[in-house]
Amino acid sequence: MAVRLPRLSNLLISFEMNLPRRLSQLNYLNNFMSSSQSFTEFYSSLIQQCIHTRSLMDVGIVQTHMIKSGCIHLSVGNKLVDAGLKCGSISYARKLFDELPERHVVIWNSMISSYVGRKKSKEAIGLYEKMVLDGVFPDEFTFSSVFKAFCNLGLVNEGRRAHGLAVVLGLEVSNVFVASALVDMYVKFGRMKDGRLVANRVVDKDVVLFTTLVVGYSQHGDDGEALAVFRNMIKGGIKANEYTFASILISCGNLDDLSNGKVVHGLAIKSGSELAVASQTSLLTMYARCGLIDDSLRVFKGFLNPNQVTWTSLIVGLVRNGREELALTKFRKMIRSSIVPNSFTLSSALQASSSLAMIDEGKQIHAMVTKFGLDRDIYAGAALINLYGKCGSTEMARSVFDDLIEIDVVSMNSMIYGYAQNGFGHEALQLFNGMKDLGLGPNEVTILSVLLACNNSGLVQEGCQIFATVTNNHNIELTVDHYACMVDLLGRSGRLQEAEALVKQVRNPDVVLWRTLISACKLHGEIEMAERASNKMLELAPGDGGSHILLTNVYASTGNWSQVIGMKSTLRDMKFKKNPAMSWVDVDREVHTFMAGDLSHPRSREINEMLENLTDRVKILGYIPDTRFVLQDLDEEHKERSLHSHSEKLAISFALLMSSNKDTVIRIYKNLRVCGDCHSWIKFVTKVIGREIIARDAKRFHHFKDGFCSCGDYW
DNA sequence: CTAGGGTTAG
């Protein structure tokens, strides 16, 4: 049972009241003096009591009394400052500190470390400089606090200067606290070499010093070195703790090194620190990055009270492993358990919604972004721009973009890409051209996005010009995707020779690149080049059915039916199954999927009635079925029937059946490219029904309105 | 009376 001390203020008030009565006062003092030997000890015990009750008011009373009795000298004065700090008022402590006639190095250290601990690094450094000027030598305690202050403020040169002083005073590596603070500072500045040099000189390395290095390498992308340092530590007989595990597991995940990850997992269990939240979270992340998402889920189940970071790590892991649906389920569960999401969480949830093109879900998360004040956060912002871009709402994307306070390369890329996939080439170019004025340098993704924008809008010259500039800019490394985009741009505009020449420039051409060229050949009926390219492609990927299909389509589109038959038998021999064309719509959060000629939908009869009706009406307006898009050797009537029941037409008919509100935009999705005949059909349909239709195909968005499409019939 | 290291992102 703790002894209950009398409240100090009451004690002192009676002390004051008795002041005129000398006898009483003396008695009172004598009481204390009998157990204490001096005023110093008397005040020390009073101060101790203040700290015990954490009462700043009592500290003030003692201070007043000490001043009155003229008893503020070295050790008691320092104790008073310490009491001020412990009672939670750094400003009061500072005031006392400044008034002290003499200051011990300990109290300098206490003040400095309190400032650092309260994120007031500027003040900490101010005091450090003042102490050096006053001729007080910093000691090992001073340095272990002050390096962190330089680190917090990013003051590299000042930190190096303090390092120099520590060397002069012989304190650099003689104390492992100083050394690890110093190493941490260099690590956070990204100067791994400087940090490593300091660490190497420490004789008695401990777990903190090693962990600092492990964290440094891990966070700066050198996971192999992190693992090497970790092994070194274990070999040296030093046991890892929860801090070490939290970091090294992330490195195992980054290296996709499951076997080491499992070994470390075992070590963590043995050491008993596997229950610490951060190391558990890293374990979860390690399994997710190694692709073992079920193990992540198992780790997650082990948490009694998952926190914000834990939930977020799980959601991030799920999205990474293509489990977007489950990611959103977990996200909703997290919100229901009153865990506040942060911008990491929300951007991941938004990413999940974008991948699934779930615009309503995304909009709800947008509302949460606003609710939690993250509207202007660059991460949440970029995720929102991606969402709206992927869902075909460039206006919303732009409005999010315009509200951002800070625009970085990634948010810029998201916006340019959003314009690109929706066919707003000029807008994309305008942003791209304005980057210089904003001080933003384009990166690989920027270039790919802007080239895609040119490609999707037929801005051939602009695209070529940008490509030429980038070829001479060695800061940007062109990938096969950049080339594929240019090949598509040149090829589709009919500049096939240039496109083929460009393919030949690529050192490691991939299947997609050849396929792009062949598609262009198909568009322009260039059978010879297509055959040339197909041979190259088959050398590269002999079993690739996609190239066979493509070549078959080239023959079909040019009417070479004998070759088509030959190709089809080859395909049969390969047992290749074509990825069937499919369209879908989202009605009340339920996805309805359609294949060509699909009769499986429960409302199939009504859908077909709607379809007949629409087609009859568009024919009156001038729609003529374009049978060139039927790649089978059928007679004209059968070709027309085949076109009539394309999946996108079924999806639109169903969507119309389900929503009579004229203001609602109809959105459909298709896994392959939209066919030319359907494209024309949809344009006419928007005229007939007076509504907007947005179609996302495998490559881009088409915004159909009043008989026109945003792609300008170029896709 | 004073000191050092960790987990989630496009």
Side-chain angles (χ1 to χ4, degrees), chain A residues 44 47-48 51 75-86 104-114 116-117 138-148 151 171 175-185 187-188 202 206-216 218-219 240-250 253 273 276-286 288-289 306-317 319-320 341-351 354 377-386 408-414 417 445:
Chain A
S44 291
I47 292 169
Q48 212 58 54
I51 294 172
S75 100
V76 186
N78 289 338
K79 282 207 168 83
L80 202 55
V81 175
D82 185 46
L85 290 174
K86 291 210 169 110
H104 195 274
V105 63
V106 171
I107 206 63
W108 284 98
N109 292 340
S110 298
M111 285 299 305
I112 291 170
S113 75
S114 297
V116 177
D139 65 4
E140 55 266 51
F141 287 87
T142 323
F143 284 118
S144 26
S145 297
V146 95
F147 290 135
K148 195 173 184 177
C151 175
L171 295 168
N175 176 305
V176 71
F177 282 79
V178 176
S180 44
L182 193 51
V183 172
D184 188 50
M185 178 181 82
V187 159
K188 301 256 157 74
V202 180
D206 71 355
V207 61
V208 177
L209 186 66
F210 274 114
T211 303
T212 311
L213 278 179
V214 169
V215 171
S218 173
Q219 291 184 344
N241 62 20
E242 53 186 285
Y243 286 78
T244 330
F245 290 128
S247 204
I248 196 66
L249 284 166
I250 295 301
S273 53
V277 179
S279 50
Q280 279 286 77
T281 305
S282 298
L283 194 59
L284 187 162
T285 302
M286 186 271 289
R289 290 194 188 166
N307 64 19
Q308 184 191 53
V309 178
T310 317
W311 276 107
T312 306
S313 304
L314 180 69
I315 293 163
V316 168
V319 172
R320 222 187 145 92
N342 59 21
S343 76
F344 285 62
T345 331
L346 292 167
S347 54
S348 283
L350 285 167
Q351 206 187 315
S354 312
D377 178 275
I378 48 168
Y379 288 104
L384 282 170
I385 294 166
N386 278 332
D408 68 351
V409 187
V410 180
S411 37
M412 184 58 91
N413 292 349
S414 305
Y417 186 72
V445 181

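Residue contacts for A/Gln219: at a heavy-atom cut-off of 4.0 Å it reaches the sugar-phosphate backbone alone, with no base atom in range. At the heavy-atom level, A/Ser110 lies under 4.0 Å from the strands shown only through sugar-phosphate atoms. Counting non-hydrogen atoms under 4.0 angstrom, A/Ala383 reaches nothing in the nucleic acid. Residue A/Val207 is classed as a base contact, given a heavy-atom separation below 4.0 Å to a base. Using a 4.0 Å heavy-atom criterion, one finds that A/Asn413 contacts no nucleic acid atom at all. When heavy atoms are screened at a 4.0 angstrom cut-off, A/Ser414 is found touching no nucleic acid atom at all. A/Thr312 comes within 4.0 angstrom of a nucleotide base, judged by non-hydrogen atoms across all strands. Backbone-only engagement by A/Thr212 is indicated by non-hydrogen atom pairs under 4.0 Å involving sugar-phosphate atoms exclusively. A/Ile107 comes within 4.0 angstrom of nothing in the nucleic acid, heavy atoms only. Counting any heavy atom pair closer than 4.0 Å across all strands shown, A/Gln351 reaches sugar-phosphate atoms only and no base atom. Backbone-only contact: A/Val316 has heavy atoms under 4.0 Å from sugar-phosphate atoms and none from a base. If you check every strand for non-hydrogen atoms under 4.0 Å, A/Val309 touches a base. Contact annotation for A/Val105: no contact, since no heavy-atom pair falls under 4.0 Å across all strands. Using a 4.0 Å heavy-atom cutoff across all strands shown, A/Asp206 reaches at least one base atom of the nucleic acid.
Residues forming a ring-ring contact (aromatic ring centres under 6.0 Å, His included) with A/Phe147 (at least two apart in sequence, or on another chain): A/Phe143. Listed by chain and residue number, nothing satisfies the side-chain hydrogen bond (donor to acceptor under 3.5 Å, both in side chains) test with A/Thr281 (two or more places apart in sequence, or in another chain). A/Asp82 pairs by the side-chain hydrogen bond (donor to acceptor under 3.5 Å, both in side chains) definition with A/Lys86, not counting sequence neighbours. Scanning for side-chain hydrogen bond (donor to acceptor under 3.5 Å, both in side chains) contacts around A/Thr212 gives an empty result, with sequence neighbours left out. Residues passing the side-chain hydrogen bond (donor to acceptor under 3.5 Å, both in side chains) test with A/Asp206, sequence neighbours excluded: none.
With a heavy-atom cut-off of 4.0 Å to chain A, the contacted part of DNA chain B has its first and last nucleotide at B/dC1 to B/dG10.
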(request) Apply side chain to side chain contact (heavy atoms under 4.5 Å, CB included) to A/Val176 and A/Val208, showing your working. (result) CA-CA 9 Å; A/Val176 71; A/Val208 177; over 6 Å; no
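With rounding to the nearest 0.5 angstrom, the OG1 atom of A/Thr285 is 4.5 Å from the CD1 atom of A/Ile250.
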